[in-house]
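Reviewing the structure listed below.
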Amino acid sequence: MSNKVTKAVFPVAGLGTRFLPATKSVPKEIMTLVDRPLIQYAIDEARAAGIEEFIFVTSRGKSALEDYFDRAPELEANLKAKNKTDLMKVLDSTNMDSGAIAYVRQNQALGLGHAVWCARRLLGNEPFAVLLPDDVIQADKPCLQQMVEAYQETGGNMVAAMEVPQDRVSSYGVLDLKEDMGNIVSVKGMVEKPKLEDAPSNLAVIGRYILSPKVLQNIDNMETGAGGELQLTDAIAKEITDSDNVYGYRFKGERYDCGSKSGFLQATVAFGLARPDLRDDLEHYLEDVMAARKAAQ
Ligand code: UTP
């Protein structure tokens, strides 16, 4: 089996309850960080890593997502007539080649493992990437690209990992390390949302994966795990027992949990400050707000 990773799955079928009421009618992935929806950041990252086929696992109420990647003939004609070439270029990055993008439905939110499994017929017998669009990563070299490069050395299965404060481990899948080789670690166990005292380390898994098709077979044979859902972590952990080839990758970059309100707000500030056209205004505003808060104390 070749180590080339050309397919990526974007599980976007979750209910997004932490963002209600917004997510009653707006898919979480369409919510906007500065001026682009979350999904655009994930697509750009996947493209940079060499992904050619983009598979979305969607659910009811996600049609805004399909429209986003379609052409917008009226809008394009309007911009062209007004000679707005800059904006036409901006729209270009949202257009996908015919056939490069596929949508499959997850008709019940039975967990991340189940969502990935829904794409099995489109994935075939090749390694594939999984990107959770609510994890947005600011990095010089896009995170998935870093992982694809490391994966050329390791093969097997790779999860993006980052050190989290000890008191936060219960919110993540956590790695039990076999060998720490720096950026790459080999893994002898994975625990989903462990109690603080049971956590084997503080190296947590976040939403980027490169997986072998064996993981899909593992999901096929699985019983529902924590919370009545099929957990992707359990299916990957089975590969540790079966083939001993699961790796964590300490990526370089800053990850924002845009599935949570405070993570989204922090990402908005970070990505705003990274934009040359917005930085100065935003910086002054933040300084003024902080000064006023201090003065009021
Ligand atoms: P989350 O755990 O963030 O769940 O899913 P959620 O439903 O999106 O949001 P909350 O917790 O209710 O606010 C992580 C990723 O897995 C996808 C989500 O769309 C998100 O990208 N997912 C989760 C599915 O596609 N299907 C599922 O059954 C569960």
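The model shown is predicted, which means the values in this text are computed figures rather than measured ones. We count ligands from 1, going down the list as the structure has it; atoms in each ligand are counted the same way. Just so you know, these numbers use all the heavy atoms, side chains as well, and skip hydrogens, waters and symmetry mates.
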Checklist entry - Would Val185 and Arg250 satisfy side chain to side chain contact (heavy atoms under 4.5 Å, CB included), going step by step from the backbone distance to the final call? => result CA-CA 8 Å; Val185 300; Arg250 282 195 184 94; 3.6 Å; yes

Next on the checklist: For Asp140, I'd like to know if atom CG has over 12 heavy atoms of other residues, nucleotides or ligands within 6.0 Å.
Outcome noted: no

Checklist entry - More than 12 heavy atoms of other residues, nucleotides or ligands under 6.0 Å from CD of Glu163: is that the case? => result yes

Next on the checklist: Return the closest protein heavy atom for atom 24 (C) of ligand 1 as residue, atom name and distance.
Outcome noted: Gly14 N, 3.5 Å

Next on the checklist: Just to confirm my output: which protein heavy-atom neighbour is closest to atom 21 (O) of ligand 1, and how far is it?
Outcome noted: Pro11 O, 2.7 Å

Item to check | Numbered atoms of ligand 1 (with element) below 4.0 Å of Ala115, judged on heavy atoms | outcome: 24 (C), 25 (O), 26 (N)

Checklist outcome for this item: Per-atom filter on ligand 1: closer than 4.0 angstrom to a heavy atom of Gln106 are 24 (C), 25 (O), 26 (N), 27 (C), 28 (O)

Checklist outcome for this item: In this structure, CZ of Arg71 is separated from CG of Leu91 (nearest 0.5 Å) by 9.0 Å

Checklist entry - Would Arg120 and Asp220 pass as an ion pair if we require N to O under 4.0 Å? => result no

Checklist entry - Yes or no on side chain to side chain donor-acceptor pair (under 3.5 Å) for Asn78 and Glu74, after CA distance, side-chain angles and deciding distance? => result CA-CA 6 Å; Asn78 187 295; Glu74 261 176 50; over 6 Å; no

Checklist entry - Is atom 5 (O) of ligand 1 close to the protein, meaning a heavy atom under 4.0 Å from it? => result no

Item to check | Contact with ligand 1 for Lys28, non-hydrogen, under 4.0 angstrom | outcome: yes

Checklist outcome for this item: of all protein heavy atoms, closest to atom 28 (O) of ligand 1 is Gly111 N, 2.8 Å

Checklist entry - For Gly259, is the nearest heavy atom under 4.0 Å from an atom of ligand 1? => result no

Next on the checklist: Measuring from atom 7 (O) of ligand 1, which candidate in Thr23, Val116, Leu15, Leu38 has the nearest non-hydrogen atom?
Outcome noted: Leu15

Checklist entry - Under 4.0 Å from ligand 1, counting heavy atoms only, is it the side chain of Thr17, its backbone, both or neither? => result both

Checklist outcome for this item: re atom 2 (O) of ligand 1, the protein heavy-atom contact at minimum distance is Arg18 NH2, 4.2 Å

Checklist entry - Relative to each other, are the rings of Phe56 and Phe69 parallel, tilted or perpendicular (30° and 60° limits)? => result tilted

Less than 3.5 Å apart, which donor and acceptor atoms pair up between the side chains of residues 95-102 and the rest of the protein, not counting sequence neighbours?
none

